[in-house]
Amino acid sequence: MRWLAAAVFPLGNRRLCLVFRQQLTTVITNRKIKRRKSGVFTDEEQQSRWWEEEKREDGVKWSTLEHKGPVFAPPYERVPRNVRFFYDGKPLDLTEETEEAATFYAKMLNHDYCTKDVFNNNFFKDFRKTMTSKEKEIIKDFRKCNFQEMFEFFQAESEKRKAATKEEKLVKKNENEALIKEYGFCMIDGHKEKIGNFRLEPPGLFRGRGEHPKMGMIKRRIQASDVSINCGKDSKVPPPPSGSRWKEVRHDNTVTWLASWIENVQGQVKYIMLNPSSKLKGEKDHIKYETARRLDKVIDKIRATYRDEWKSKEMRVRQRAVALYFIDKLALRAGNEKDEDQADTVGCCSLRVEHVQLHKELNGKENVVVFDFPGKDSIRYYNEVEVEKRVFKNLELFMEHKKEGDDLFDRLNTQVLNEHLKELMEGLTAKVFRTYNASKTLQSQLDLLTDPSATVPEKLLAYNRANRAVAILCNHQRSVPKGHQKSMENLKEKIKAKRDAIDDCEAEYHDLKKAAKRGSMKEKINSDKKGKQLERLKEQLKKLELQETDRDENKTIALGTSKLNYLDPRISVAWCKKNGVPIEKIFNKTQRTKFLWAVHMADENYRF
DNA sequence: GCAGGTACTTAGAATAGGCACG
DNA sequence: CGTGCCTATTCTAAGTACCTGC
């Protein structure tokens with residue numbers, strides 16, 4: 001089977017897509033037959049193969065766009081009369097709106113959020129805003145509110161859902177599928193594409209991460225009159241729910257969103273956009289990795305330049321050079337400024353003096369910088385890094401006469417940095433370094449860790465370890481999964497059982513072999529069979545042991561984020577092809593649809 | 001230069017779903 | 001043939017980046 005691989009070359013301002021034919025032979029090309037006997041196209045074929053087409057220039061994102069509009073959150077349903085809200089020990093009837101707000105809190109009663117004062121205070125403030133004056137008169141003290149019955153009701157509801165019969169679940173499933181079929185897709189430039197989030201966010205309590213000052217505030221219900229629709233000029237405008245109107249209908253083909261609204265807690269615009277499998281997203285993703293590969297061509301020069309600038313007379317230039325060094329070496333995020341009313345987190349440019357500690361010597365290393373700061377999502381970044389002496393000296397200089405709360409790089413921000421980066425390479429920004437170093441690390445780790453003669457499970461451990469190296473670089477963490485310890489114990493149990501089985505099998509094999517030596521054909525066959533069984537058991541044991549290592553190493557590390565956002569998928573595709581590893585061992589279905597372009601574009605010789 | 005606005009990518013947690021196992 | 005567990009999917013918050021208008 002033949003596939004097309006495309007390479008992109010800069011040509012003046014434009015990019016021209018050149019197409020090569022290439023013979024691919026490995027596992028990945030063993031795809032389902034795509035044309036049905038009837039000649040009807042399958043979904044896959046309906047999708048555009050944008051990677052084989054010419055690219056659109058300028059800021060225009062599409063020519064035609066038609067969709068059905070967003071799906072609204074289901075209307076509030078009152079809880080049964082016997083499910084009561086208690087105030088000061090006594091049941092209290094609430095008006096519908098107040099009751100709904102109470103259920104928002106009740107649903108979270110067993111959550112950690114409810115132990116936080118900020119959360120409770122914010123909730124109570126908004127809760128009171130929804131109350132009638134009568135209710136306000138009574139409900140004055142949050143500590144006297146009791147949501148327990150409501151909480152138990154929702155727990156029971158959830159149990160009920162889980163315990164539903166097969167038939168009931170099937171009905172639900174079918175309803176959901178019908179909804180997706182109707183609202184989950186749009187037509188864009190003649191192709192049917194999946195929408196990412198076609199449901200409007202339901203009302204509830206705002207769950208800010210970390211020490212967010214707004215956690216617990218009520219996210220209000222979105223009405224049609226809050227929603228802006230974006231679609232093609234000549235397409236059918238999605239009908240708003242009867243009796244309502246959209247806030248606005250526009251036809252802006254320089255943006256990719258289908259609908260938007262302003263969320264009330266932070267005042268941010270929220271969007272309905274396409275699924276990652278779409279052409280629009282895929283093309284952008286491809287460009288992202290091509291930009292990172294262009295960085296590879298100039299990285300040596302850039303590194304030499306910033307090292308040189310550590311000596312600059314200009315403080316601004318020195319700070320820029322040191323910051324860039326961190327971004328490059330440690331894959332730090334750019335670090336935009338943030339508002340007061342958000343959680344206090346930082347990235348490189350927004351580091352403050354309290355986030356770094358300088359040690360002339362630490363644990364046998366010299367010139368050590370200890371980073372300790374809350375990053376995106378308030379995930380802690382902790383790293384003890386040995387740096388060049390010059391960097392160390394510069395940091396001492398930057399920190400002179402500063403106190404806690406002062407910016408480390410007081411002459412620098414992300415705009416200044418990115419303006420500089422643009423000079424070094426077209427399209428270069430701080431985040432390109434993260435993509436570049438992540439993909440580069442995967443490639444080099446795969447080279448290092450893959451033993452061509454290893455078994456597939458061993459190769460998979462190598463792949464996961466390479467992936468893990470990237471996740472560690474990018475500081476992609478997760479909380480230890482619930483029941484991790486138990487799951488490890490189970491695995492150990494399984495391993496023990498397997499070992500016992502092997503022992504038994506070995507003993508039997510030994511006896512049979514003896515019997516076979518002097519014995520008949522039948523005994524020989526039996527002995528051979530046992531031998532095969534033993535082999536199989538040993539293989540299974542090996543696999544379990546590899547799984548154990550992998551799972552434990554992965555306890556607090558999240559691999560998904562880097563796989564989805566930082567690793568050029570063509571590296572993985574090429575690795576699979578080269579090593580005879582089926583692609584589905586490393587990409588699940590979602591990832592395979594997102595990265596379909598890469599599966600087609602990369603052969604086993606692809607290098608990042 | 002900077003404040004505010006817009007559009008898009010990246011992020012971990014929550015939840016749904018499906019599959020292996022007894 | 002459930003059920004308990006793990007993986008996949010969904011959800012939406014939180015970033016980056018760049019634009020505009022002073």
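Protein chains get the first letters and strands the later ones, always in sequence-line order, with residue 1 at the start of each.
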Under 4.0 Å, counting only non-hydrogen atoms across every strand here, what does A:A430 touch: a base, just sugar-phosphate, or nothing?
sugar-phosphate
Once you apply a heavy-atom cut-off of 4.0 Å, does A:R161 come out as touching a base, just sugar-phosphate, or nothing?
nothing
Distance below 4.0 Å between A:T429 side-chain N/O and C:dA17 OP1 or OP2
yes
Can you say whether the rings of A:Y306 and A:Y325 are parallel (under 30°), tilted (30 to 60°) or perpendicular (over 60°)?
perpendicular
Hey, are A:Y566 and A:R434 close enough side-chain-wise for a donor-acceptor pair under 3.5 Å?
yes
Just wondering, more than 12 heavy atoms not from A:Q268 lying within 6.0 Å of its CD?
yes
For A:Y271 and C:dA17, what is the distance between atoms OH and C1' respectively, to the nearest whole Å?
13 Å
For A:I379, report the nucleic acid contact type (base, sugar-phosphate, nothing); a contact means any heavy atom under 4.0 Å.
sugar-phosphate
Under 4.0 Å, heavy atoms only, any strand: does A:P276 hit a base, just the sugar-phosphate, or nothing?
nothing
Could you walk me through whether A:D189 and A:K279 pass salt bridge (charged side-chain N to carboxylate O under 4.0 Å, His left out), step by step?
CA-CA 10 Å; A:D189 292 342; A:K279 163 180 168 165; 5.1 Å; no
Going through the distances and angles, do A:I218 and A:F104 end up as a side-chain contact (heavy atoms from CB on, under 4.5 Å)?
CA-CA 8 Å; A:I218 294 176; A:F104 296 155; 4.0 Å; yes
Is it true that A:T256 and A:Y271 share a donor-acceptor pair across their side chains at a distance under 3.5 Å?
no
When rounded to whole Å, the CG to P distance for the pair A:D339 and C:dA13 reads 16 Å
Side-chain N or O of A:N336 versus OP1/OP2 of C:dG15: is the shortest distance under 4.0 Å?
no
d(CG, A:N275; C1', C:dT10) in whole Å:
11 Å
Round to a whole Å and report the spacing from CG of A:N588 to P of C:dC6.
17 Å
With the threshold set at under 4.0 Å for non-hydrogen atoms, list the residues of residues 204-219 of chain A touching DNA chain B in residue-number order.
A:R207, A:R209
Rounded interatomic separation in angstrom, taking CD from A:Q342 and P from C:dG15:
7 Å
Under the 3.5 angstrom rule, does the side chain of A:N565 hit a backbone N or O of A:T561 as a donor-acceptor pair?
yes
Applying salt bridge (charged side-chain N to carboxylate O under 4.0 Å, His left out), run through A:E157 and A:K160 and close with a yes or a no.
CA-CA 5 Å; A:E157 287 288 293; A:K160 236 197 262 172; 3.2 Å; yes
Whether A:D328 side chain and A:F433 backbone form a donor-acceptor pair below 3.5 Å:
no
Note: contacts of residues 466-477 of chain A with DNA chain B (heavy atom, under 4.0 Å) are A:N475, A:H476, A:Q477
Sorted by chain and residue number, the ring pair (Phe, Tyr, Trp, His ring centres under 6.0 Å) partners of A:F326 (sequence neighbours excluded) come out as A:F371
Distance in angstrom units between A:L200 CG and C:dC11 P, rounded:
11 Å
Considering non-hydrogen atoms only, spot the tightest contact between A:H286 and A:W597 and give its length.
CD2-CZ3, 3.5 Å
Rounding to a whole Å, what distance do you find between A:E419:CD and C:dT16:C1'?
15 Å
Please determine whether the number of non-hydrogen atoms from other residues, nucleotides or ligands lying under 6.0 Å from atom NZ of A:K169 exceeds 12.
yes
From A:F198 atom CZ to A:K68 atom NZ, the distance as rounded to the nearest 0.5 Å
12.5 Å
Starting from the 5' end of DNA chain C, give me the residue, A:G427 or A:G375, whose nearest nucleotide shows up first.
A:G375
Is the phosphate of C:dA17, meaning OP1 or OP2, less than 4.0 Å from a side-chain N or O of A:N418?
yes
How far apart are the C-alpha atoms of A:F123 and A:Y105, what are their side-chain angles, what is the distance that settles it, and do they pass the ring-ring contact (aromatic ring centres under 6.0 Å, His included) test?
CA-CA 8 Å; A:F123 165 70; A:Y105 192 88; 4.7 Å; yes
Please list, for nucleotides 19-21 of chain C, all pairs of protein and nucleotide N/O atoms separated by less than 3.5 Å.
none

Do you see a donor-acceptor pair shorter than 3.5 Å between the side chains of A:S63 and A:N253?
no
Under 4.0 Å from OP1 or OP2 of C:dG15: is there any side-chain N or O of A:T345 that close?
yes
Please identify the 5'-most and 3'-most nucleotides of DNA chain B with any atom under 4.0 angstrom from a heavy atom of chain A.
B:dT6 to B:dC21
Are A:E175 and A:K172 close enough for a salt bridge, meaning some N to O gap below 4.0 Å?
no
Can you tell me if A:D341 and A:Q266 form a side-chain donor-acceptor pair at under 3.5 Å?
no
Using a 4.0 Å heavy-atom cut-off, does A:T256 contact any base of the nucleic acid, only the sugar-phosphate backbone, or nothing at all?
sugar-phosphate
Nearest-nucleotide check on DNA chain B, A:A558 vs A:R250; residue mapping nearer the 5' end is A:R250
Pick base, sugar-phosphate or nothing for A:S479, based on heavy-atom distances below 4.0 Å to the nucleic acid.
sugar-phosphate
Give the intermediate values and the outcome of salt bridge (charged side-chain N to carboxylate O under 4.0 Å, His left out) for residues A:E419 and A:K422.
CA-CA 5 Å; A:E419 246 160 67; A:K422 205 163 35 184; over 6 Å; no
Expected output is a numbered-order residue list: members of residues 326-335 of chain A with a heavy atom under 4.0 Å from any atom of DNA chain C. What is it?
A:R333, A:A334, A:G335
Map A:K431 and A:Q591 onto DNA chain C by nearest heavy atom, then report which one ends up closer to the 5' terminus.
A:Q591
So which one's nearest nucleotide on DNA chain B is more toward 5', A:V416 or A:K281?
A:V416
Would you say C:dA14 has OP1 or OP2 under 4.0 Å from some side-chain N or O of A:Q266?
yes
Return the value, rounded to whole Å, for the distance between atom CG of A:L421 and atom P of C:dT16.
14 Å
